[in-house]
Structure formats: C-alpha cells, structure tokens
Protein chains: 2
Amino acid sequence: MVHDIDERSQFILKAIVQSYIMNVEPVGSRTVSKMYGVEISPATIRNVMSDLEEMGYLEQPHTSAGRIPTDKGYRFYVDSLIDIPILAKAESDRINKNYESKLTEIEKVMESTSRLLSYISRQAGIVLLPRFTTITFRHISFIKMRDNQVLAIFVSESGVVQNKVIRLEEDLRQEELDTITAYLNSEFGGLTLKMIRERIIEIMANDKREYDNLLRKAMDLSQKAFLEGSIEEDIYVGGTTNILEQPEFIADVEKMKTIFKAFEEKAKLIKILDKCLEEEGIHIVIGAESEIQEIRDCSLVTHTYKHGDSVLGVLGIFGPKRMEYPRIIAIVDYTAGIVSKILSGEPS
Amino acid sequence: MVHDIDERSQFILKAIVQSYIMNVEPVGSRTVSKMYGVEISPATIRNVMSDLEEMGYLEQPHTSAGRIPTDKGYRFYVDSLIDIPILAKAESDRINKNYESKLTEIEKVMESTSRLLSYISRQAGIVLLPRFTTITFRHISFIKMRDNQVLAIFVSESGVVQNKVIRLEEDLRQEELDTITAYLNSEFGGLTLKMIRERIIEIMANDKREYDNLLRKAMDLSQKAFLEGSIEEDIYVGGTTNILEQPEFIADVEKMKTIFKAFEEKAKLIKILDKCLEEEGIHIVIGAESEIQEIRDCSLVTHTYKHGDSVLGVLGIFGPKRMEYPRIIAIVDYTAGIVSKILSGEPS
DNA sequence: TTTAGCACTCACCCGAAGAGAGTGCTAATA
DNA sequence: TATTAGCACTCTCTTCGGGTGAGTGCTAAA
C-alpha cells in the first residue's frame with residue numbers, strides 16, 4: 001500500500017483518533033479545528049477528512065455525523081502516530097506495590113496480575129499461563145488415591161504446579177510409585193515436556209524384552225501422565241465488569257452480550273493470545289484483526305513475560321477499540337517486566 | 001404472623017406468581033380471570049389482589065399497572081404453593097450424560113457441574129468447594145522448590161487436591177522432607193484439618209526439650225502448612241452470560257452491572273453459600289433475604305452435596321427472583337444427588 | 001359476597017416540530 | 001493552486017402533546 005498520507009493529514013488523523021478516544025463521539029471538522037495546536041479551518045479539515053475516509057482510515061456512522069477511526073485508522077495511529085510515554089510514577093508505584101507481598105505461587109501471581117491490570121487500566125486484564133509443553137520440567141510426584149487412581153503433580157522450573165489424576169489398569173503400591181517417581185525425576189528433570197514426550201516414545205520404541213517390570217510400569221504411568229490429554233492452558237480474566245462501564249457497550253447491550261460470551265468461552269481468547277505468544281514483546285490486536293467476530297469492537301494489547309530467558313506466557317489488557325493506547329501500552333510493558341522479574345526470583 | 005390467607009387467595013397468588021414468572025410483566029385482574037381453571041370475575045380478583053397487597057405478598061410498580069409478587073410473595077409461593085415435579089426424562093438424561101466421562105479431579109467435576117447447571121437452567125450455575133477445614137485429610141506431600149521454598153500438596157479423602165507454597169527460614173533437604181512427610185501422614189492421616197490443627201498445637205505445647213531436631217522441623221513445617229493462612233474456598237460460577245439474557249436486566253443495565261460486580265467479587269456469594277452449607281438439603285434465598293444489596297433482584301436455589309455421609313459443599317442455580325422454582329429446585333436436587341454419588345466413587 | 005359498570009390514572013407509543021451538528025459544494029480569496 | 005467562507009442540505013436526537021390501552025378503585029346492583 002502506498003504511503004501517500006502527508007504530515008498534515010497524519011496530524012489530523014491523530015487528532016481525530018485522540019478526540020474520539022476521549023469523547024466516544026464522532027469527531028467533526030469544527031471540533032478538530034478548535035483543538036489546541038490546530039490552525040486550519042474547518043473547511044480544509046473537511047477536505048482532508050474526506051481524503052482519509054477515501055483511503056479507509058476514517059468512516060462516517062451516517063451522513064452529517066462526524067468521523068470515527070476505522071481499524072485501519074487505529075492501526076496507523078498505534079504504528080506511526082504515538083510514542084509510548086513513560087509511566088506516571090503513581091502508576092508504576094501502584095504496580096510495584098502489587099508484587100511487594102512476595103507471591104510465590106504462580107497462579108496467585110497470575111490472578112493478582114489480571115486484577116491489577118484491570119484495575120489500573122479500567123479495562124479487562126488478561127493473563128495467559130501457557131501450554132505446559134514449552135516449560136522446563138523440574139519434578140514430578142505421584143500420590144496414590146483410591147484404587148487404581150494416582151494423582152500426578154508436575155512442578156516446573158519456574159514454579160508452575162499442575163495436578164492430574166491418572167487412572168491405571170493395575171493397582172500400584174505407594175512404594176512402587178516412589179521408585180518410579182525417583183526414576184522419572186532423574187530421567188526427565190530439566191527437560192521440557194516436549195523433549196520428555198520424545199524421550200518416552202524413544203524408550204518405548206526400544207526392544208520391549210529389555211524392560212523389567214518396573215520400567216514397564218514407569219513408562220505406562222509416564223505415558224498417561226505426559227502424553228495423554230493436553231494439560232490445558234490457564235487463562236485469567238480480571239475486571240470484566242469494567243466492560244460494563246464503557247459507554248459504547250452500555251448503549252448497545254447486544255454487543256455487550258457478545259463480548260461476555262467470548263469471555264466465558266475462553267477458547268477464542270486463548271487462540272488470539274497464542275498468536276501473541278509467538279513473538280516476544282508487545283502485540284496489539286485491533287478490532288477485526290483478531291478475525292474473531294465476537295470481539296470486533298475490541299482491542300487487545302499484550303506483552304510476553306518470561307522466566308529467565310524463555311517466554312513463559314503473555315499478559316495484557318482487553319478493552320474497546322477506543323482505548324488510550326499509549327498509556328495502555330506503557331502499563332502492559334511495565335507490568336510484563338515486573339512479572340518476569342518476579343518469576344525469575346529476582347528481588348523486586 | 002397470622003396465616004389468614006384463604007384457599008382462593010392462595011390460588012390467585014399462585015396464578016399471579018406463575019404468570020409473572022412466565023411473562024415478566026405485571027399481572028392484572030383480567031389476565032388472572034382469563035387463565036385456565038379460574039372461574040372468578042376480574043372484580044373479585046381485584047379485591048383479593050388488594051388484600052394480598054395489603055398483606056405484603058404483592059406490589060404495584062405504579063398505580064394502574066398490574067401486580068408483581070414481593071419477596072414475601074415468592075417465599076409463600078415456594079414454601080406453600082408448589083410441589084416439586086419429577087424431573088423430565090430429557091433433563092435427567094442430560095445431567096447423567098454430563099458425568100458419564102468419569103471425571104475424577106474434583107475441580108473438573110465442579111467446573112463442569114457449574115456449566116451444566118447453567119446450561120439446563122438458562123441461569124447462572126454455582127458450585128462451592130468448601131473450606132478445607134471440614135474435610136478429612138488423607139495425604140500430604142512436600143516438594144522442594146527453589147531455596148527455602150517448599151510446595152505442600154494436600155489430598156483429602158474425597159479427592160480434593162490443594163497446593164500451597166511455603167517459605168522456610170532454613171533450608172531442608174529433600175530427604176528430610178520425605179521423612180517428615182512419612183511422619184505427618186502417619187500422624188495426621190484420617191483426621192480433619194480442624195483436628196490436625198488442635199493436634200499440632202497440642203504437640204507443640206509439650207515440653208520443648210523432648211523434641212529431636214527433625215520433629216521440630218516437622219512441626220515447624222506443618223504449622224506453616226496447616227495453620228497459617230486459610231486455604232481459601234473455591235467457587236465456580238458458570239453461565240453468567242445467561243443473566244444477560246434476562247429481559248428484566250436487559251431493560252436495566254444498572255442492575256446488570258451490580259450483579260456482575262457481585263459475581264466478580266465472589267466474597268459476597270461465598271458468604272451466602274456458607275449459610276446454605278449449614279444445613280443439609282435444599283436452601284432457597286429470595287431477593288433481599290440474602291441481605292446483600294447487590295443481588296436483591298435475584299434468587300438462589302442450592303443443595304448440599306456430600307462425600308459419603310459428610311457434607312462437602314453446596315451447588316445451586318442463581319437467577320432473577322422470577323425463576324421457575326419448581327423446575328429449578330428439581331434440577332438442583334437431582335444434580336446434587338448425582339454429584340454426591342460421583343464423589344463417593346459409586347458407579348453412575 | 002360477588003359482580004357489572006364506570007370514571008380515572010398512568011405508562012407507553014407514536015408523529016411532528018425544532019434544534020443542532022456536520023457535511024459537501026461552490027465561489028471567493030491569498 | 002491551495003485554502004477558506006458561505007450556504008443549502010441532511011440526518012439524528014430531543015421534546016412535547018395527544019391518543020391508546022391496560023388496569024385500578026369505587027359504587028351500586030344482583
């Protein structure tokens with residue numbers, strides 16, 4: 001696409017986006033003209049607006065209304081027209097304060113993070129605890145429950161804990177379980193789940209006669225524990241009620257319902273967040289870019305967070321397309337940094 | 001309170017409540033008169049209605065509108081005017097089907113139950129996993145995480161698993177942990193958490209010189225594990241979006257916001273559910289009876305569920321006051337029975 | 001005691017009128 | 001040639017008044 005949008009047009013586009021973000025109503029030429037720093041007459045602005053509309057950056061809800069930004073308009077705005085501010089001290093303090101209490105359980109960190117994000121942004125806060133597959137495995141324990149059922153507990157290097165109940169054909173004594181546990185921990189500790197899966201398949205592919213009875217049981221168990229059924233991703237969504245405060249959704253209950261349904265399903269959200277995981281750093285999804293019908297009026301700003309050097313998950317803020325991108329980006333960026341630090345065990 | 005409400009009045013009250021539940025609009029005398037099985041003139045009905053209003057069972061949104069039931073009206077209706085139907089085969093089948101897949105992890109059971117309840121009732125489904133304190137403890141495991149941190153895993157007799165990260169002053173080797181684990185399991189297995197707490201205090205009250213080093217460490221650890229910080233209750237709320245479908249809340253976004261805020265806070269819901277736990281069986285909370293301002297337009301129908309003979313938690317359906325009580329009660333009752341069976345390990 | 005009749009009360013649903021915001025076009029201006 | 005002033009026009013939103021209808025309470029008759 002040719003980049004035939006001159007500086008003045010950019011300036012006007014920026015003004016329109018910002019005005020719309022603040023006031024949630026279509027922006028007219030007069031409004032722009034009267035804004036601070038604009039020395040252009042309404043008539044000229046109208047011409048520019050008309051051009052911007054033709055290029056697809058703006059649209060009109062109806063004739064004789066002002067313009068509102070399209071997805072493309074927002075996209076251009078976040079890509080080219082804003083600079084990310086340094087977070088206000090009060091806000092970064094607020095974020096730091098949230099982690100002072102030395103949370104250790106990763107679920108708690110995630111939950112309180114989603115709440116924190118929603119609180120400072122007045123939007124919904126989202127945190128994705130990612131597929132266990134990419135995480136380095138540290139320790140597994142098996143605990144015998146009632147007959148033929150064993151509770152498997154995985155602990156990852158970064159402190160994520162997962163439980164899973166396994167059903168066995170044969171009954172194992174706790175001592176057997178303990179032996180198997182010791183074996184698996186020495187065999188698999190430090191590998192990622194993906195590597196473990198490959199390793200299991202490799203071991204099992206070897207000549208079966210070499211197996212002693214216990215190894216067979218161990219492999220049987222670990223197959224059930226590591227291979228079957230994906231350990232699902234965990235997603236935390238906090239502050240969904242903030243969506244209820246957005247004027248555009250109060251005016252349109254239908255839209256609100258759609259969004260809440262998306263929250264409840266989660267699968268769709270996870271799909272988007274998975275994409276955000278692919279690349280380290282900030283990721284912004286605007287409206288229909290998500291290709292998810294239900295949330296085409298919303299945007300999502302995310303940032304990956306890490307444990308040491310490896311990307312662990314992604315956190316972000318979800319709100320109407322009309323969000324204060326600069327500030328939201330700054331918040332998400334800063335928070336991701338802090339969370340990464342916490343998870344890596346650094347003192348805050 | 002004197003029970004001066006004759007049979008005909010009861011009949012009319014019942015008709016009004018049912019009509020209102022179905023149509024969500026104030027019920028007038030003509031409407032009642034035209035209903036099947038009513039052979040009374042509108043004028044007479046008006047007189048009766050007037051009496052019922054005076055007694056506090058009905059109210060008028062405004063003069064010249066029909067009547068709607070008050071909380072007291074609903075209360076009388078559920079207490080005296082309905083009989084609980086036998087659940088339709090299709091519905092009980094649907095419930096049974098939900099549990100066919102042999103869920104074993106209690107969290108999964110709870111989650112899928114809350115979803116199930118919301119699905120068949122078209123209201124919100126709620127399940128409370130109660131305080132760990134009342135549950136019989138089966139097994140504890142300690143897993144060493146990074147320096148000075150230990151992951152404690154509790155397994156209850158009924159299969160509830162809880163994780164908790166503990167911070168220690170001194171570093172323990174895994175072997176020490178294993179010894180301690182074995183000791184604690186033999187010492188505490190089969191007791192409730194409450195009993196365990198008492199036991200710990202008792203042991204620690206004994207002359208300290210009797211302690212060998214390991215016992216001291218064991219007590220230190222178990223104190224952190226069992227005494228400090230309550231292991232919180234888990235509540236599952238499914239199908240909150242069904243609330244968005246209720247005509248009365250679509251018409252009043254303000255009310256909707258309030259309810260969703262209550263969902264998000266959870267503490268208030270837990271408070272009500274705790275009360276429902278106190279007594280085995282069905283529990284119905286109508287409107288302001290909950291004494292929680294935010295949900296004064298809603299009702300809650302709950303039933304306790306059990307593991308063996310001891311009450312484990314409570315499940316129920318949350319919706320507008322105007323709910324189909326007979327059917328909802330039947331659903332909740334039936335589901336509680338099934339869940340209890342599942343948890344007790346009986347074949348379904 | 002029940003019922004028919006009737007005047008009265010409100011909420012709700014139009015439709016018309018008016019205001020206001022904003023546009024696009026044209027012609028004048030720098 | 002680019003910008004601006006002027007102007008007619010469009011369209012939404014609000015307001016207001018009248019009409020409608022559901023429902024009531026009261027009174028008097030059955």
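Letters A, B, ... mirror the listed sequences (proteins, then strands); counts begin at 1.
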With respect to the phosphate group of D:dT24, does any side-chain polar atom (N or O) of B:S29 fall under 4.0 Å of OP1 or OP2?
-> yes

Test salt bridge (Lys or Arg N to Asp or Glu O under 4.0 Å) applied to [X] - qualifying residues, sequence neighbours left out:
X: A:E264; result: none
X: B:R46; result: none
X: B:K89; result: B:D93
X: B:R75; result: B:D79, B:E289

Mind listing the N/O atom pairs, protein and nucleotides 26-30 of chain C, below 3.5 Å?
none

Are any protein N/O atoms closer than 3.5 Å to N/O atoms in nucleotides 2-5 of chain D? If there are, list each pair with its distance.
from	atom 1	to	atom 2	distance (Å)
D:dT3	OP1	A:R8	NH1	2.7
D:dT3	OP2	A:R8	NH2	3.4
D:dT4	OP2	A:S41	N	3.4
D:dT4	OP2	A:S41	OG	3.2
D:dT4	OP2	A:T44	OG1	2.2
D:dT4	O5'	A:S41	OG	3.3

Taking ring pair (Phe, Tyr, Trp, His ring centres under 6.0 Å) as the test, write out the residues that go with B:Y20, two or more places apart.
-> none

Partner residues of B:F263 under the ring pair (Phe, Tyr, Trp, His ring centres under 6.0 Å) criterion, sequence neighbours left out | B:F260, B:F318

Is there a donor-acceptor pair closer than 3.5 Å between any side-chain N or O of A:S290 and the backbone N or O of A:G287?
-> yes

For residues 48-68 of chain B, pull every pair meeting salt bridge (charged side-chain N to carboxylate O under 4.0 Å, His left out), keeping only residues two or more places apart or in separate chains.
-> B:E53-B:R67

All side-chain hydrogen bond (donor to acceptor under 3.5 Å, both in side chains) counterparts of B:D297, not counting sequence neighbours = none

Does any pair with a residue in residues 247-259 of chain B pass side chain to side chain donor-acceptor pair (under 3.5 Å), and if so which ones, sequence neighbours excluded?
-> A:E245-B:K257, B:E248-B:R322

Atom pairs under 3.5 Å, N or O on each side, protein against nucleotides 18-21 of chain D: can you list them with distances?
none

